[in-house]
**Q** 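The structure is given below, and queries will be raised subsequently.
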Amino acid sequence: MFDRRAVFTPSSRASNLSDLLDSTEIAGLIRDLEALRWTGRRGYPVRALVGACLAKALYAIPTWTRTAALVAEHASLREACGAAPSVYALYRFAAKLRSRKPLLDACLDSVAASLRANLPDYGRDVAIDASDMPAYANGQRFVSKGGRERERFSDPDASWGHRSAISTRRGGGFYGYKLHAAICARTGLPLAVRVESANHHEALFALPLLDAVRGRGFTPETCAMDKGYDSRAMHDGCEARDCRPVIAQIRARNARTPDDVPACEHGRWTFAGADVTRKRTKWRCPSGECEPKSIWLKADRRNPLIPPETKRWRKLYRGRAAVEREFGRLKHEYGLAPLRVRGLERAVLHADLCILARLSTALARTRAMPLPA
Ligand SMILES: [Zn+2]
């Protein structure tokens, strides 16, 4: 059984950092980066630079300036990294990482694969959603109230999008990016993320995210999404990937109604199972007096293989809360928010480093746990 303590127990971050840097997966990234043998200025060891990148996320530090200062002043952190890189070295290193994104992706793939080996439940039930990442820039059309129109935007990749209300904060427009994420509903760990400008609709990225999850070697069985993702294309796309959609239906003219369930004089028929290969659901007369006693309905958006009336659907849809919790954790514990870089490429690197810190920390904790007997 999955042990939640394995992933959620907090522990000393500086002492963990050297364990992370020594793990096979991160050591592999360091080796790959060393193999590039970039030349030039005074070189810091790649291990120290990767260590500072992880420290930035582990201490939720928004800027490279403050990361460099913390590593320089924090004795055990400096010892874990092996050196205290200057802020300029960190800027140059971040540029290198942006141009070598495939290396970072390969490292994330290997961390995810090792986690899957330790947590067999990881990646079976997926929840997909998007969250706001406000830009480090101003997107107002006018420079000042009643003033002249803005001609130059400091972050040309950012755009206006909509976010929903959380807690006491009102929903509404915001300027920046959206983090689209596929999260494991059983372990709460991220499976795949992507950062896009805020004006793109979330539904555009759900199936590509599901493909990214499968590309990482997972076989998601169910995918929970809110009503923002409700469409026939999404239902059919999930089924085509052999993944059961668990999507809340928008209250529109073509939403599922009680009349979608067959009925007779004995009452509404009850769900009696699904045939996954033939993509049909079985419904049965409540008294069994009708002839035939049951019928098969072809699965579609209004009549999915996991019907919304079932306990299983409600349980899986509740699992969607994992994605909201994980957004909060990434933003507040791993420094995903506030964004202090401009441009899509830099925002993507920032998110990738947060995810790397999150997953490699979880991996280190599953390794520290005794194996189940
Ligand atoms: Zn009947």
Side-chain angles (χ1 to χ4, degrees), residues 1-2 4 119-129 182-188 191 202-203 206-207 209-211 213-214 218-325 372:
M1 197 47 215
F2 167 65
R4 300 183 79 80
L119 302 170
D121 277 349
Y122 181 36
R124 289 156 69 111
D125 293 320
V126 177
I128 290 180
D129 204 355
I183 306 287
C184 169
R186 295 199 193 182
T187 60
L191 292 157
E202 355 339 7
L207 292 176
L209 272 177
L210 208 49
D211 287 333
V213 172
R214 287 158 59 86
F218 295 93
T219 40
E221 293 161 15
T222 67
C223 182
M225 291 178 268
D226 67 18
K227 62 187 176 193
Y229 295 86
D230 179 28
S231 71
R232 195 173 70 182
M234 197 68 71
H235 171 276
D236 296 352
C238 288
E239 280 297 342
R241 289 159 180 81
D242 204 21
C243 173
R244 305 285 88 77
V246 178
I247 308 174
Q249 300 216 341
I250 40 176
R251 298 212 189 290
R253 199 154 43 93
N254 58 353
R256 179 183 174 86
T257 65
D259 294 336
D260 281 298
V261 174
C264 63
E265 72 243 43
H266 309 107
R268 235 172 259 299
W269 287 28
T270 52
F271 176 65
D275 183 334
V276 169
T277 41
R278 286 173 58 233
K279 305 238 182 267
R280 275 164 173 72
T281 49
K282 191 181 192 179
W283 296 83
R284 192 181 283 145
C285 163
S287 71
E289 287 167 43
C290 278
E291 202 52 52
K293 285 192 184 70
S294 63
I295 58 162
W296 289 93
L297 292 182
K298 193 174 178 302
D300 59 19
R301 172 184 157 262
R302 281 169 69 150
N303 204 339
L305 287 178
I306 305 177
E309 292 83 8
T310 56
K311 258 188 184 165
R312 178 154 186 242
W313 190 96
R314 285 196 294 273
K315 181 166 179 276
L316 288 167
Y317 194 75
R318 272 202 303 276
R320 215 190 60 80
V323 66
E324 311 289 358
R325 266 197 308 276

**Q** Provide the closest heavy-atom pair for Tyr122 versus Thr187 in the form atom of the first, atom of the second, distance.
**A** CD1-OG1, 3.5 Å
**Q** How far apart are the C-alpha atoms of Asp230 and Arg232, what are their side-chain angles, what is the distance that settles it, and do they pass the salt bridge (charged side-chain N to carboxylate O under 4.0 Å, His left out) test?
**A** CA-CA 7 Å; Asp230 179 28; Arg232 195 173 70 182; over 6 Å; no
**Q** How far apart are the closest heavy atoms of Cys264 and Cys290, and which atoms are they?
**A**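 The answer is SG-SG, 3.6 Å.
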**Q** Heavy-atom distance under 4.5 Å between the side chains of Leu297 and Pro262, does that happen here?
**A** yes
**Q** Measuring from Leu209:CG to Glu202:CD, what's the distance to the nearest 0.5 Å?
**A** 11.5 Å
**Q** Arg256 and Pro308: which non-hydrogen atoms are nearest, and at how many Å?
**A**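 It is NE-CD, 3.6 Å.
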**Q** Quick check: closest heavy atoms across Lys293 and Trp269, and the distance to 0.1 Å?
**A** O-CZ3, 3.9 Å
**Q** How close do Arg301 and Gln249 get, counting heavy atoms only, and between which atoms?
**A**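 Heavy atoms only, the tightest pair is O-NE2, 2.8 Å.
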**Q** State, yes or no, whether a side-chain contact exists between Lys282 and Asp275 at a heavy-atom distance under 4.5 Å.
**A**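 When only atoms from C-beta onward are counted, Asp275 and Lys282 do not touch, as no gap falls below 4.5 Å.
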**Q** If you round to the nearest 0.5 Å, how far is CE of Met225 from OG of Ser231?
**A**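 So the OG of Ser231 and the CE of Met225 are separated by 8.5 Å.
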**Q** Side chains of Asp242 and Val276: does their closest heavy-atom pair fall under 4.5 Å?
**A** yes
**Q** Do the side chains of Val126 and Cys243 get nearer than 4.5 Å, heavy atoms only?
**A**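 The answer is no, as the side chains (C-beta and beyond) never meet within the 4.5 Å cut-off.
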**Q** Report the C-alpha separation of Asp211 and Arg241 in whole Å, then their side-chain angles, then the decisive distance to 0.1 Å, and conclude whether the salt bridge (charged side-chain N to carboxylate O under 4.0 Å, His left out) test is met.
**A** CA-CA 8 Å; Asp211 287 333; Arg241 289 159 180 81; 2.6 Å; yes
**Q** Look at atom CZ of Arg284 and say whether more than 12 heavy atoms of other residues, nucleotides or ligands are closer to it than 6.0 Å.
**A**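 Count not over threshold, so no.
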**Q** Is the backbone of Asp300 close enough, under 3.5 Å, to the side chain of Asn303 for a donor and an acceptor to pair up by distance?
**A** no
**Q** Would you say Pro304 and Arg244 make side-chain contact, with heavy atoms under 4.5 Å?
**A**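 When only atoms from C-beta onward are counted, Arg244 and Pro304 do not touch, as no gap falls below 4.5 Å.
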**Q** Decide whether a cation-pi geometry holds between Arg320 and Tyr317; the criteria are a distance under 6.0 Å from NZ or CZ to the six-membered ring centre and an angle within 45° of the ring axis.
**A** yes
**Q** Mind listing the closest non-hydrogen atom pair of Leu305 and Ala274 along with its distance?
**A** O-CB, 3.6 Å
**Q** Counting only heavy atoms not in Arg278, do more than 12 sit closer than 6.0 Å to its CZ atom?
**A** yes
**Q** Side-chain contact test, heavy atoms from C-beta onward, threshold under 4.5 Å: evaluate it for Asp129 versus Tyr229 and give yes or no.
**A** yes
**Q** Give a yes or no answer on whether the side chain of Arg268 reaches the backbone of Pro258 with a donor-acceptor pair at less than 3.5 Å.
**A** yes
**Q** For a side chain to side chain contact (heavy atoms under 4.5 Å, CB included) check, start with the C-alpha distance between Arg312 and Lys315, then their side-chain angles and the critical distance, and finish with the verdict.
**A** CA-CA 5 Å; Arg312 178 154 186 242; Lys315 181 166 179 276; 5.7 Å; no
**Q** In this structure, are over 12 heavy atoms from other groups packed under 6.0 Å from Lys227 atom NZ?
**A** no
